[in-house]
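A short worksheet on the structure shown next.
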Amino acid sequence: MTVGDLAASDLASELRARGLREVDDSTLARALYSSDASLYRVIPQAVVKARHVEDLLAVHEASRALGVPITLRGAGTSIAGNAVGPGIVVDTRGFNRVLEIDPDARTARVEPGVVHADLQRAAAPYGLRFGPDPSTHTRCTIGGMIGNNACGSRALGYGRTVDNVEALDVVFGNGERTRLGQSHQSTGTEARLAEVAEGHLAHVRTEFGRFGRQVSGYSLEHLLPERRRVDRFLVGTEGSLATVLEATVRLVTDEPGRLLLVLGYPSMAEAADAVPALLAAAPGRLIACEGMDARIVELVRSKGSAVPELPKGGGWLFAEVAGADAREVTDRLAAVGGALATRLVTDAAEAAALWRIREDGAGLAGRSLETPAYSGWEDAAVPPEHLGAWLRDFDVLMGEFGLQGFPYGHFGDGCIHCRIDFPFEAGKPESAQLFREFMTACAHKLRDYRGTLSGEHGDGRVRGEMLQFMYDETSLDLFRQVKAVCDPENLMNPGIIAAPDGGPRNGAASITDDLRPVRPRAQPRAALRLIHDEGDLGAAVHRCTGVGKCVAPKTNGVMCPSYLATKDEKDSTRGRARVLQEALDGGLVKGLSDPAVGEALDLCLACKGCSSDCPSGVDMATYKSEALYQKHTVGKVRRPRSHFILGQLPKWARLAAPFAAVLNVLMKLPPFGALAKWMAGIDQRRSVPTFAATTLRSAAGSGPAAGTTGVVAPADETPDIWIWADSFTDHFFPRSGLAAIRYLEAQGLRVKVIQDDACCGLTWVTTGQLDKARTIVGRTVRTLAPYVASGVPVVGLEPSCTATLRSDALELSDAPEAQLVADGLLTFAELVTRLDLELPDLRGVEIVAQPHCHQSAVLGWNVDQRLLERAGATVTKVSGCCGLAGNFGVEQGHYEVSVAVAETHLLPAVRSQPDAVVLADGMSCRVQLDDLAHVPTMHLAELFASKIEG
């Protein structure tokens, strides 16, 4: 029986019958796991989530009994396509315990699903760390690192994964389970592997293990009698020979006093030329020596992100050293580096910011050119002494094929990464031919340097076929032999590296089969402009390359709050993007009205955190709005009640304003309140925000606002400041506006509230009611444009509304007024900063600040933080989302997730500082804190006004 003979539902039943509890053969699950971070799409028959050794053993038994292949998967960040497969895909992230840290032996015993960063946290109290640290360290698993022989930036100092493995508990594809390490009883499989090597000792000694980053194929040098370590031989075999059940890994001292020397060069090739001299000047002392192209850094700056000062150059080397004599070592490196200029970075925060740019290199490089730049070529390696020459040859090759890409990577190890603008065209498989030709040319050229096409990420589907150009027939036959010993039925990740019986391409998958970029793609007429993707929803959702920053189980950013709460792939930005890709590519998911799309998008909070945190620039909030529009407006699928009530909240608030006092009383009466919540689609456990008895426009339009000094500008006089009364401030939190007036008046400024009705349309946007949103936004920008154009500063107080006019309005309207308002509307903190107003004395004041998600993603909160710190406050900025996110957190079916999101960052921060002032400008954040923590909150304007007033 083969995977082609067994229906997905039958396979799932067979797996459940063997005791596997988390088996999913749904369209949604198969779509989620059809891709990793590579170019490839292979639909599995079923997905199994493993949480115990018994789960993995049961999957193996089922695989052999049914003849169905298995593919092991950690975080799914494989760039080579070695974490997708046609049979059973096993997600190991739930099998994730750190079993033991032995500080004396300096080892850790872990389950394969342990995330690298979690192992680092467990080892840190002992002053230890796991040495290798890939750029995906916040989410990649130790099992995945073992599968790929991952290296990362600091492999130069601490070694590759293979150098840090001490023992493995494995099950081979042939069913044999054993523990491998330096001291153990040899098993039958090990003995047969030894026999393979012993028949070709001279060949193995001369062709394998020639330099540190030769990781293509199988690392047969670990089978030599003088260095036999079958556990280490299995590292880098990409799950094609055995499955890791438990690993013992070496830990190293986390050296204090790290210094980062940045050396600038005219070009990346000249930076590469300097590497041998740096290595020779400080043998064994460089922890990292990374190359970074200036064009990638410029991309970060263009997004508005701060970049620490860098020395002159078109490319840089980041050289990291540690130890008591680190300063002396960096001086020596600077002297021999031949750089245009250097800078020694001693501030840990600045160094961390630079390393973050390097870690986000793959995602950033993918958006660095005018056309999409793809993974696939990366990541070739040569001995470091040849790196400069290879980079020049590589540049020539790209020119010959009419391609572009910006190189970066592990220059100290001779390994470079590069995203390249291959001319893939949707619906045209023939457009992949140039990709094949370029890869083949690179493979041939690398032989001149005795290099390898894979220096870190493994062969997978993208390089397995190329092994025939990298290795001779004897080596390829040895690959087939070890595959036959370990996995005689070719059930473990078939198509990766080799097959027992060889066949075309040595049994490796074709480089141009199963490519996602050449699949046919639907192009629905978008309601949004999708200005960063020329109106193409397909191009927009395909921004996601799968690098998976959104599936980090812990984060200091906003993205992705629902994944942090559920740890379910479907609730990640990547998962949603994959399902949307499938919906537009056709086949598995039947369009944007398919239930799989609805399920994937259901727990998206539309927080926009991904728009700033995702290195590929995915904006799932925008895509969700468009998908809802396509489903309900174009597809005529009936909308839920909440869209008509919560999705049009500003309209109902405006109509309710004259009856606010009565409605507030009625909502407190259980029968009336329960009925109203049911009609609106609100969870019964939620409170309903109180309507303001007097709106901001009413309070400010009938003379001096309550508590003001009376210097509000007369009706016929132009003020110094205009305040825009957004719907939420106007109808629910007018005290924020009144506080802003009091503070600004205390500075001697004349302030007026714009009396025109000017709603941003946010609730219509988030529920996909885009035709109405366009009408509302068009009217609002026409209303506000004259105020902005007058030169008088216009201030928005509700972050989500201000962010809507800065971002969503431009997606809905190409009117010049929309751009004018987006450019001119200020936040309260921006106004205070621009006018350099007097700050209150906040010395001794502890603040826990929850920036609204849209504030973090679109507006930025750095200006607010600088003001507070200049005023003397001690500020704890809360990471992540509050969990309410407009209508999301109050809707039926979302309560538990909303609370879980709040528990990831916000509620623990508030509990840990019970005496702190809780600062929250956003209405959602304030309502959530009132509902779940029962703590008072303040807008920044309220805080400033309270201190000015004494």
Side-chain angles (χ1 to χ4, degrees), residues 2-16 20-36 38 40-50 59 62 66 68-71 73 76 83-91 93 426 514-516 519-522 524 537-538 541-542 544 546 548 550-551 560 562-563 566-604 620 623-624 626-628 630-632 634-638 640 768 893:
T2 68
V3 68
D5 301 324
L6 196 63
S9 58
D10 294 334
L11 174 59
S13 296
E14 290 280 357
L15 292 169
R16 293 186 187 104
L20 290 160
R21 288 166 291 183
E22 296 189 64
V23 180
D24 195 341
D25 65 327
S26 67
T27 296
L28 175 62
R30 296 169 69 204
L32 292 170
Y33 288 86
S34 65
S35 296
D36 48 16
S38 72
Y40 295 93
R41 169 196 181 262
V42 181
I43 300 173
Q45 291 295 90
V47 175
V48 173
K49 294 182 179 179
V59 169
L66 303 172
V68 177
I70 56 174
T71 299
R73 176 178 171 123
V84 292
I88 307 166
V89 170
V90 184
D91 186 335
R93 284 176 290 181
D514 303 311
L515 282 170
R516 179 178 287 281
R519 286 179 51 73
R521 184 182 302 167
L537 180 61
V541 300
H542 277 275
C544 176
C550 54
V551 296
C560 178
S562 52
Y563 180 80
T566 69
K567 303 298 190 294
D568 194 325
E569 182 74 20
K570 76 176 177 65
D571 300 322
S572 68
T573 303
R574 178 179 70 181
R576 296 181 183 109
R578 290 305 191 213
V579 174
L580 289 173
Q581 289 169 6
E582 285 291 328
L584 294 177
D585 292 356
L588 182 62
V589 178
K590 308 300 183 184
L592 293 172
S593 295
D594 191 296
V597 175
E599 191 174 349
L601 293 178
D602 180 51
L603 295 185
C604 172
M620 190 52 61
Y623 310 160
K624 179 179 180 179
E626 183 66 47
L628 289 173
Q630 295 293 332
K631 176 179 179 178
H632 296 297
V634 178
K636 307 298 184 182
V637 176
R638 183 178 176 83

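For the pair Pro44 and Pro86, the minimum side-chain heavy-atom distance is 4.5 Å or more. For the pair Leu580 and Tyr623, the minimum side-chain heavy-atom distance is below 4.5 Å. Side-chain contact between Leu11 and Leu66 is present, with at least one heavy-atom pair separated by less than 4.5 Å. Considering only heavy atoms from C-beta on, Asp10 stays 4.5 Å or farther from Glu14 through its side chain. Side chains of Arg578 and Ser34 form no contact here, defined as non-hydrogen atoms less than 4.5 Å apart. In this structure, Leu15 and Val48 have side chains that are in contact, with non-hydrogen atoms separated by less than 4.5 Å.
No salt bridge links Asp36 with Arg574; every basic N to acidic carboxylate O contact stays at or beyond 4.0 Å. Using a 4.0 Å cut-off between charged nitrogen and carboxylate oxygen, Arg41 and Glu582 count as a salt-bridge pair.
Residues satisfying the salt bridge (Lys or Arg N to Asp or Glu O under 4.0 Å) criterion with Arg73, sequence neighbours excluded, are absent altogether. When the side chain to side chain donor-acceptor pair (under 3.5 Å) test is applied to Arg521, no partner is found at least two apart in sequence or on another chain. Residues meeting the side chain to side chain donor-acceptor pair (under 3.5 Å) test with Arg30, sequence neighbours left out: Gln45. By the side chain to side chain donor-acceptor pair (under 3.5 Å) test, Ser562 pairs with Arg576, sequence neighbours left out. Applying the side chain to side chain donor-acceptor pair (under 3.5 Å) criterion to Tyr563, with sequence neighbours excluded, gives Arg93.
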Exercise for the section: Kindly determine whether Leu584 and Val541 satisfy side-chain contact (heavy atoms from CB on, under 4.5 Å), including the steps that lead there. Expected result: CA-CA 9 Å; Leu584 294 177; Val541 300; 3.8 Å; yes
Exercise for the section: Please test Leu20 against Val59 for side-chain contact (heavy atoms from CB on, under 4.5 Å), starting from the C-alpha separation and ending with a verdict. Expected result: CA-CA 8 Å; Leu20 290 160; Val59 169; 3.8 Å; yes
Handout entry: Candidate pair Val84 and Tyr33, rule side-chain contact (heavy atoms from CB on, under 4.5 Å), full reasoning
Key = CA-CA 7 Å; Val84 292; Tyr33 288 86; over 6 Å; no
What pairs of donor and acceptor atoms, side-chain ones from residues 591-604 against any protein atom, are under 3.5 angstrom apart with sequence neighbours left out?
residue: Asp594; atom: OD1; partner: Ala596; partner atom: N; Å: 2.8
residue: Asp594; atom: OD2; partner: Lys590; partner atom: N; Å: 2.9
residue: Asp602; atom: OD1; partner: His894; partner atom: NE2; Å: 3.0

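Closest heavy-atom contact between Val47 and Ala29: CG2-O, 3.8 Å. Considering all non-hydrogen atoms of both residues, Thr27 and Leu588 come closest at CG2-O, 3.5 Å. Taking each heavy atom of Ala577 and Met620 in turn, the nearest pair found is N-CE, 3.6 Å. The minimum heavy-atom distance linking Pro524 with Leu537 is given by the pair CG-CD2, 4.1 Å.
Using a 3.5 Å distance cut-off with no hydrogens or angles, the side chains of Arg516 and Ser35 do pair a donor with an acceptor. For the residue pair Ser9/Asp25, the side-chain donor-acceptor check at 3.5 Å is not satisfied.
Interatomic distance, Arg638 CZ to Lys631 NZ, rounded to the nearest 0.5 Å: 13.0 Å. In this structure, Thr566 OG1 and Asp571 CG are separated by 3.5 Å, a value rounded to the nearest 0.5 Å.
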